[in-house]
Amino acid sequence: MSLDLLLQHTGRLRASVAGWPPGRWTVAPRPLPDLLPTSLTCAGVARHLVQVLADIGADAEGRPRQAVPSPESDLVLADQIAVMAYDIGLAEPAVEVVESALEEVLLHRAEIDGARVAHEVLHRAAAACPARQVG
């Protein structure tokens, strides 16, 4: 069920930004209650989400984490997110891993496209998000 939700939410994010012009990716992400933004732009939030999902996928497959190169165009960021989520599903990880990926998608989707997410889910995901952890 969690994998279905992960793929569903990445698909919804992909659909909601499909028509965005390049300049839309450069605007500030939507503010979330009591939380600092992940990045200064929607593209930055999306790039971060791509990397987090890639790291989750690498961990699930038992391989080393690698930096995901930034695409030549921000217009493919939603596609990258969808591919990373699909790759996590192919690894057939534990439910907890999929739920962690889902929380990351929900948190950052709320920033990118304004999807409504329960306050407690946002705060739980923000507490675990690598962009919000102090060094």
Side-chain angles (χ1 to χ4, degrees):
M1 181 63 167
S2 295
L3 180 58
D4 290 340
L5 286 173
L6 175 63
L7 297 176
Q8 190 177 81
H9 281 283
T10 56
R12 288 180 182 164
L13 173 60
R14 190 176 184 192
S16 76
V17 302
W20 281 13
R24 178 62 182 91
W25 287 98
T26 64
V27 302
R30 296 180 195 269
L32 300 178
D34 306 321
L35 295 173
L36 295 173
T38 302
S39 177
L40 299 176
T41 66
C42 287
V45 175
R47 280 189 216 98
H48 164 73
L49 180 55
V50 167
Q51 186 62 58
V52 168
L53 293 176
D55 291 346
I56 291 171
D59 294 349
E61 293 174 2
R63 59 180 170 75
R65 293 179 175 190
Q66 295 182 333
V68 177
S70 291
E72 290 183 29
S73 169
D74 294 337
L75 300 177
V76 299
L77 287 166
D79 292 335
Q80 277 189 312
I81 292 167
V83 167
M84 295 301 166
Y86 183 77
D87 285 350
I88 290 169
L90 290 177
E92 298 181 358
V95 171
E96 298 81 25
V97 173
V98 176
E99 288 174 353
S100 174
L102 176 59
E103 285 185 351
E104 288 286 343
V105 168
L106 291 173
L107 170 65
H108 300 305
R109 182 175 170 217
E111 288 182 288
I112 294 168
D113 75 354
R116 288 196 168 146
V117 179
H119 190 74
E120 62 274 2
V121 172
L122 288 176
H123 283 271
R124 185 173 56 243
C129 180
R132 299 172 196 283
Q133 294 180 9
V134 179

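These numbers were taken from a predicted model, which means no experiment stands behind them.
In this structure, the ring pair (Phe, Tyr, Trp, His ring centres under 6.0 Å) partners of His48, at least two apart in sequence or on a different chain, are His108. For Arg30, there are no salt bridge (Lys or Arg N to Asp or Glu O under 4.0 Å) partners at least two apart in sequence or on another chain. In this view, Pro33 and His119, Leu122 satisfy the side chain to side chain contact (heavy atoms under 4.5 Å, CB included) rule, not counting sequence neighbours. In this structure Arg14 satisfies the side chain to side chain contact (heavy atoms under 4.5 Å, CB included) test together with Ala78, Asp79, Ala82, sequence neighbours excluded.
Within the 4.5 Å cutoff, the side chain of Ile56 has heavy atoms near those of the Val97 side chain. Under the 4.5 Å side-chain criterion, counting only non-hydrogen atoms from C-beta, Leu35 is in contact with Leu107. Looking at heavy atoms from C-beta onward, Trp20 lies in side-chain contact with Ile112 at the 4.5 angstrom threshold. Side-chain contact between Arg109 and Val117 is absent, with no heavy-atom pair separated by less than 4.5 Å.
Across all their heavy atoms, Ser39 and Pro29 have their closest contact at O-CG, 3.3 Å. Here the shortest heavy-atom pairing between Cys42 and Glu111 reads SG-O, 4.4 Å. Annotation for Ala54 and Val68: closest pair CB-CG2, 3.5 Å, computed over non-hydrogen atoms. The heavy-atom pair separating Leu32 from Ala110 by the smallest distance is CD2-CB, 3.7 Å. Nearest approach of Pro64 to Ala58, heavy atoms of both residues: O-CB, 3.8 Å.
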Expected list for residues 83-94: side-chain donor-acceptor pairs under 3.5 angstrom, two or more places apart:
none

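Here CD of Gln80 is found 8.0 Å from OG of Ser70. Values are rounded to the nearest 0.5 Å. Here the NE2 atom belonging to His123 is positioned 4.5 Å from the CG atom belonging to Asp34, to the nearest 0.5 angstrom. In this structure, CG on Asp113 lies 9.0 Å from CZ on Arg24, to the nearest 0.5 angstrom. Rounding to the nearest 0.5 angstrom, the gap separating the CD atom in Glu99 from the CG atom in Leu106 is 11.0 Å.
Trp25 and Val76 fall into different hydrophobic clusters, defined by Ile, Leu, Val, Met, Phe, Trp and Tyr side-chain heavy atoms under 4.5 Å apart, directly or through other members.
Identified under the side chain to side chain donor-acceptor pair (under 3.5 Å) test for residues 54-65, with sequence neighbours left out: Gln51-Asp55, Asp59-Arg65, Glu61-Arg63.
Within the 3.5 Å criterion, the main-chain N or O of Leu6 finds a donor-acceptor partner in the side chain of Thr10.
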*List the steps and the verdict of salt bridge (charged side-chain N to carboxylate O under 4.0 Å, His left out) for Asp74 and Arg47.*
CA-CA 9 Å; Asp74 294 337; Arg47 280 189 216 98; 2.9 Å; yes
